[in-house]
Structures are given as structure tokens and as C-alpha cells.
Number of protein chains: 4
Amino acid sequence: MTDLKESGRVRAADAKRRRLMRAAAEVLHRQGAERTTIADIARVADVPAGNVYYYFKTKDDLVAAALSEHARRLELLTGHLDRLTDPRLRLRGLIETWMGQRDLAARYGCPTGTLAVELDKRDEGGLDVEAGKVIRLLLAWVERQFRELGQPEPDGLALTLVGAYQGMSLLANALRDPGVMDREGARLLAWLDSLDAA
Amino acid sequence: MTDLKESGRVRAADAKRRRLMRAAAEVLHRQGAERTTIADIARVADVPAGNVYYYFKTKDDLVAAALSEHARRLELLTGHLDRLTDPRLRLRGLIETWMGQRDLAARYGCPTGTLAVELDKRDEGGLDVEAGKVIRLLLAWVERQFRELGQPEPDGLALTLVGAYQGMSLLANALRDPGVMDREGARLLAWLDSLDAA
Amino acid sequence: MTDLKESGRVRAADAKRRRLMRAAAEVLHRQGAERTTIADIARVADVPAGNVYYYFKTKDDLVAAALSEHARRLELLTGHLDRLTDPRLRLRGLIETWMGQRDLAARYGCPTGTLAVELDKRDEGGLDVEAGKVIRLLLAWVERQFRELGQPEPDGLALTLVGAYQGMSLLANALRDPGVMDREGARLLAWLDSLDAA
Amino acid sequence: MTDLKESGRVRAADAKRRRLMRAAAEVLHRQGAERTTIADIARVADVPAGNVYYYFKTKDDLVAAALSEHARRLELLTGHLDRLTDPRLRLRGLIETWMGQRDLAARYGCPTGTLAVELDKRDEGGLDVEAGKVIRLLLAWVERQFRELGQPEPDGLALTLVGAYQGMSLLANALRDPGVMDREGARLLAWLDSLDAA
DNA sequence: AATGAATGAGTCTTCATTCAT
DNA sequence: CATGAATGAAGACTCATTCAT
């Protein structure tokens, strides 16, 4: 078998794997981990149900894959924002991104946050830890920006900002009101500007 | 059958109902709605499994009952706080109550918030709306305090405060760190003090 | 509810449990543990498939129950034989019982022996140990008889006798020839008679 | 394509086939037929899973191949023993070989015997017959030795000896005690010596 | 109302076997 | 022939809900 054929096959398999991860990320966000069946994800990914297990040994593996897909997306976003030279502008960009997802948040909440909430109810499997890692990723990036801004206690500020985001997403979702994202987003932007330009 | 016996029975039945509601509130908080079986709740309530259905026709009814139990507890709390004459002290009392539940929050998050997150993933049944109502109850009470304080946009402030609470609970839970509740709670108290004593 | 009704119900439930144990013993002997489905056993026991789990939490529990049913039958047999005053007659009775099951042995082998063989292929679950216990039960009883006979090394003789039984059952089964049971059974009887009447 | 290439390929294919047979013999002995997947065997044989079917059309074919591998090994052994001039020494050699495999027997039983037990539970496929053939092979060789020894009823003696072997293997396995093989093996050697030197 | 038991739909998971390249 | 991937039929197990008494 030529390398071309080989790599073509590998590429096709990888593509399917990626499709499953993406589908898992989407469906788990919308339906939650417990209400989502493997068949649901397979359908969205357009993969035969029985074949999912070729790529992911268990449902939990798929959930973990969805979490890492969310982590990947987060890193894509922060990677983009990192191109901005001013950390304040980066944080501004982050908040504006959140605001841009107002409708999704009002319908399904923050993907990572809601998954974390659900997975934290479990005693075993370690998926709760995995979800925590994604949130830590965001916290760490935000903290870095505050540090570059010369703020004291950048970790506390990160907690405040990310907490505010999780809180507003949850409220927007519970109240089914995207306006919450606008209102609280605007407040966060103002708060950011008000921070001492050290 | 005498009225006495009758009323005794009614009382016994009511007691059982209450036991089930309380058990549901506890267990659903700890395990989440999907991972909790009717048998789980029946066991904690010390009620035979087959008997649950005389009090609650469906599992969803039990979940709704748990939500209303949480609402009742919330009203118990605000009722207590309402005895304080200063609305600022009332809000302070609320925040301190949240901080007092730091360990529970770090382990299972906010009962209402996490239930709302989970129930919002559903399309039908209306339990999401029910969860929203409990959160609205809290929002309304907080808003009233801010109004009494003479704050402009008391609704926005309520959103901010309750949002902060949900956010810090979620982070404390996801990071499994009760310290988050202390830190953010202290920040909220300071923020509250800083608000213009209009 | 009256005690009568209560006990009636308990009796019915017990009866079903017993039916399942008996069915499991039979079907597992005939088909082996791996080739037997829960549905197979349920059908023979005339119990709805979904209901089996009310009585036995897992398939392994059912296998264990089958083993204990075989143990019960063994104890029933030895209990009968124990009424004989002469231990030599008891052993004779045992061998004759084996010979009486010639056709069953030729078709399916010794219930306990074949189950033990299959379960010993497993690494986990402890069912192999459970099967071993039943065999030890038989060994212990046989050893006791030889001891009462005043034989030196009654444990070695027990090993020889039970081993011979397992071996002849296996050969009868593999060769599909009940005659093996007759032939070897007769030899064992003669061997027994030849043992020094100490 | 040259013949040389051709024959090289054939040789490679043969080697793979042999590897699969050997792997099947080993793995089926350890795990049993039902608990062994084709993938298990392929892995041990270091053959890609999808490739197994070019050598064996079905799983049953592989099981049959494992049986014939065991037959081959048996013939290898008896071939060796046949070099001894004294049939009594040949039987002695056989028993000593059995004793030499004490640990394997205690862990997994006799390869042929345990496979026969498992396959005899089946109604169809004829693998039970195949397993029986391997045992008959052994019986026939043993019988021949007894006949050469001038023993009356060499077939009965063969049944006794092979039955004892199967029985002691089963007990060693069920009791997880290699000592059974020593003890019973020694007894068989003594028994062999005691046979009338006709 | 009370209660142990019954029911059956649904979900995850495993594998022998087949297919496309 | 080689090989990774595909397929689909089981089978174990769970649980909300209902039933018989």
C-alpha cells in the first residue's frame, strides 16, 4: 500500500474522529451528559452508532473528548486574542466574545460551565476533574492578562471575571433572557476600564 | 372511622410527603436530577419505593417538589433577614449565609443553580421554568433591598449580585475549593459597602 | 395487611427466587455460563426477563446462586447417605448415584466440575472460588468417610475418588459415551471393596 | 512475479497461519473459547485483526485449528515417547510430562480437556466432536502401550489412566493447587508399577 | 392508602464478520 | 493478500411506572 493511500485512510479516520468530537461538544452542550445517548452523537456526526466504539471506548471517553474540544476552542480564542498587544484589549475581546454568544448562552448556558456542574455530581470517573481543567485554563489566561496589566492580585481578579461570566451565563440561561448577557457584559467592560491603569 | 383517626392519618400522610420533599431536595442537590432514581429518594425519606407514587405522580413532580422545597427554604431565609431594619444589613446577611455554606457549595454547588442548569437542558416538562421561578424569587428579593437602599437600577444590581453568587458557587464547585467562597464573598461585602449611600 | 397475605406474598417471591435458582442450575449445566443468557434462565423459570434483576442483581449473582443450588443438592445427597451406618456403604451409594446419572454426564458432564472448569478461566469475580467451594464440600465428605473407615491418608483417597469421578464424567462427555460411567463406576466400586478393611 | 517471490510469499503466509494457530492454542487454553475474541488471538499472533479471516473463515475454524495444534503437540510428545523401547517407560514418561506441567494445570487445567468441556456445551458446529478426537488420540496411544504390555482390557486401563489425568487436572485447577498433580501423579506411577508384569 | 413485585422500554457495550481500498 | 474501518445483532443492566393484593 502506498503512503498516499495510507495517509488518505488515516486522514479519513481522523476526520471521523474529529467529527465525533465536534458533535459530542455540540450535543453535550445542548442536552447535557446524562440526557445524551451515544446514538444522539453518532447521528449528528453522521457515523453509524456501532462504529463510535471504534474511536471511543466508552461514553465517558466521548465526554472527555468533548471537554478537550472545548479546551481546543478556548485556546483558539485566546490564541487570537493574544495577537492584541494590550492585555486590556484582550480581556475586552474576551468579554465581547461572550456577549456575542448571548443567544446560545440564554438557551444552553456556558458549555464548559454547565458540563462542569453536571459532571461534578459524579463520584467517580474523574470527568469532573477534566472539566475543572478547562475552567482552570480560562482562569490562567485571564490571570495572565491582569498580571500584565500590573494589577495586584491578578488571580483574584480572574476569579471575579470568570465567575461573573459563569454567573451571567447561568442567569441568562435560567431566565431565558439573552439581555442578561448584554447588561452584565456591559458592566464588565466598564469595570475593566475602571481598573487602575497602573 | 373517627375524625381523630382520620386527621391522624392525614397528618401521617403529610409528614411522609414532607419527608419526601426534603429528601428530594437533598438528594437532587447532591446527585443531580438525571442520576437520581426515585428509589434513591424513597430510601433517604424512608418510604417504600412503591408508595412514592401516592404522593407524587411522576418523577418530575418530585423534582418540582424539591424545587418548591428550595423556594420554601429561601423564603425562610429572606423572612429572617427581613427582620433587620437596614436593607444593607439584609444583603450583608445574605452574603454571609452564602459564605457559611462554603463547603457544601464546593462539593455540590448552589442547589437551585445547579438544578436550573440541568433542567434547562430539557425541551419539555416545564421544570426549567419552575427552576427559573426560584431564582426569580431570589432576584426579586435582592432587587427590593437595593430599591429600599435608594439605588438606581436595583434590578441590574440584583442581577450582578445573584450572578456573582452563582458564578462563585460554580467555580468553587468546579475547582473543589471552598476558599473561592471566602474570597469572592469578601469582595461582595466590600462592594456592597462601597455602594453609594444615596 | 394481614400476616397471611404478607406471608403469602413472601412465599410467592421466595418460590420465584427458588425457581430461578433451579432454572439457573439446570440451564448453566447444559449450556455453560458464557453461552447462557439471562433470558434463557428467565424463560425456563417462567419469569419475565426484566424481573430477574429484582431477585439477582447481576448475572454473576445468578451463577453463584446456581452453584449454591448444586451445593444444596450435594448436601441433600450426602445427608441421605449419612443415614447409612457403614461409611463404605455410603461411598458405595455415592458412586452408584454417579453411575445413575450416566446419561446426563455423557451429555453435559458433571454440573459442578464443568462449571468450575469454565469459571476458572476468569480472572475476576471470584466465581471460580465459589465453584471450588462446592468441590471442596464433596472432597471433605468423602474424606470423612475414608477416615471413618480407618484408612491412612483419607485426604489422598478423597482426591483420588473425586478425581476419578471428574475424569470419568469428562471422558463420558467428550466421548459422548455413557458406558464410560458404567465401566469406571464398576472399577471404583471394586477398588473400594479392595481397600484394606482396617 | 517469479516463483521465488511466490514461494517466499507462500512461506510468509504459512508462517502467519502457524502463528495464528499457536496463538489460538495458547489463548483459548487460558481464556476459554467463549471469553476469547478473535482480536485477542490476533494480538498475540501479531497479526492485524482484519487479516485473520484470510486464514480462517470463522472463529470456529480458529478453534478447530487450536485443537489440531494441541493434537500436533500430543503427537510430538508420543512420537518422542515412542523412541523408548519399554511401553511401561513410555507411560511413565507420559505421566511425568503431566506432572511437569503442574503449574499450568493448576492455573488453566488440561488444554484439551477444558476445551472439550466447553465445546461439549454446544449443540451445533461439530467442534465438540473435534475436541473428542484429540482425546481419542491420547486414549488410543495409551491403550496401545497397555496392549504391548500384555495387559488384559487395555482400553479400560487407558480410560482409567486418561480419566485420572483429566480428573487430577480439573481438581488441581479448581483447588488452585499444583500439589494435586504431584500427589496424584505419584499415585499413578505407583499404580503403573504395580500392574502385573504379565 | 400501602407495598412488594412486575413490566418493558431504553442504553451502553461487545464482537464476529464484512468491506473498501 | 493486507488492513483499518464498518456494521449490526445481541446481551447485560437500569429504572420509571404500574399492578395485585
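In what follows, chains are A, B, ... by sequence order, proteins preceding strands, each numbered from 1.
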* To do: Round to a whole Å and report the spacing from CD of B/Glu34 to P of F/dT14.
  => 17 Å
* Structure fact -> Ordered by number, residues from residues 20-32 of chain C within less than 4.0 Å of DNA chain E (heavy atoms) are none
* Asked: Is the shortest side-chain N/O distance from B/Lys16 to OP1 or OP2 of E/dA1 below 4.0 Å?
  -> no
* Mind checking the CZ-CD spacing from B/Arg35 to B/Glu118? Nearest 0.5 Å is all I need. => 10.0 Å
* Give, ordered by number, those residues of residues 48-67 of chain D having at least one heavy-atom distance below 4.0 Å to an atom of DNA chain E; if nothing qualifies, reply none. => D/Tyr53, D/Thr58, D/Lys59
* **D/Leu119 to D/Asp128 - nearest heavy-atom pair and separation** => O-CB, 3.5 Å
* Main-chain N/O of B/Asp120 paired with A/Arg107 side-chain donor or acceptor, under 3.5 Å -> yes
* Work out which heavy atom in D/Val63 is nearest to a heavy atom in D/Leu28; give both atom names and the distance. => CA-CD1, 3.9 Å
* C/Arg35 CZ to E/dC15 P, straight-line distance once rounded to whole Å -> 15 Å
* **Spacing of A/Arg18 atom CZ relative to F/dA5 atom P, expressed in whole Å** => 16 Å
* Asked: Among pairs that include at least one residue of residues 43-52 of chain A, which meet side-chain hydrogen bond (donor to acceptor under 3.5 Å, both in side chains), considering only residues two or more places apart or in two chains?
  -> A/Asp40-A/Arg43
* Structure fact -> Per nearest nucleotide of DNA chain F, the residue lying toward the 5' end, B/Thr36 or C/Thr37, is C/Thr37
* Structure fact -> Annotated structure of DNA chain F as dot-bracket, pair cut-off 3.5 Å, Watson-Crick or G-U only, | for inter-strand, is .||||||||||||||||||||
* Structure fact -> For residues 39-68 of chain A, the ring-ring contact (aromatic ring centres under 6.0 Å, His included) pairs (sequence neighbours left out) are none
* To do: First locate atom CE of C/Met21, then atom NE2 of C/His70, and finally report the distance between them rounded to the nearest 0.5 Å.
  => 10.0 Å
* Could you tell me the separation between the CD1 atom of C/Ile41 and the P atom of F/dC13, rounded to a whole number of Å? => 11 Å
* Asked: How far does CG of D/Asp14 sit from NZ of D/Lys16, to the nearest 0.5 angstrom?
  -> 12.0 Å
* Asked: From C/Thr112 OG1 over to C/Glu130 CD, what is the distance, rounded to the nearest 0.5 angstrom?
  -> 12.0 Å
* Which residue pairs pass the salt bridge (charged side-chain N to carboxylate O under 4.0 Å, His left out) test when at least one of the two sits in residues 56-65 of chain B, sequence neighbours left out? -> B/Asp60-B/Arg122
* Structure fact -> From CD1 of D/Ile38 across to C1' of F/dA5 the rounded distance in Å is 16 Å
* Separation of B/Asp40 atom CG from F/dT14 atom C1', in whole Å? -> 12 Å
* What's the spacing between C/Arg72 CZ and C/Arg18 CZ if we round to 0.5 Å? -> 4.5 Å
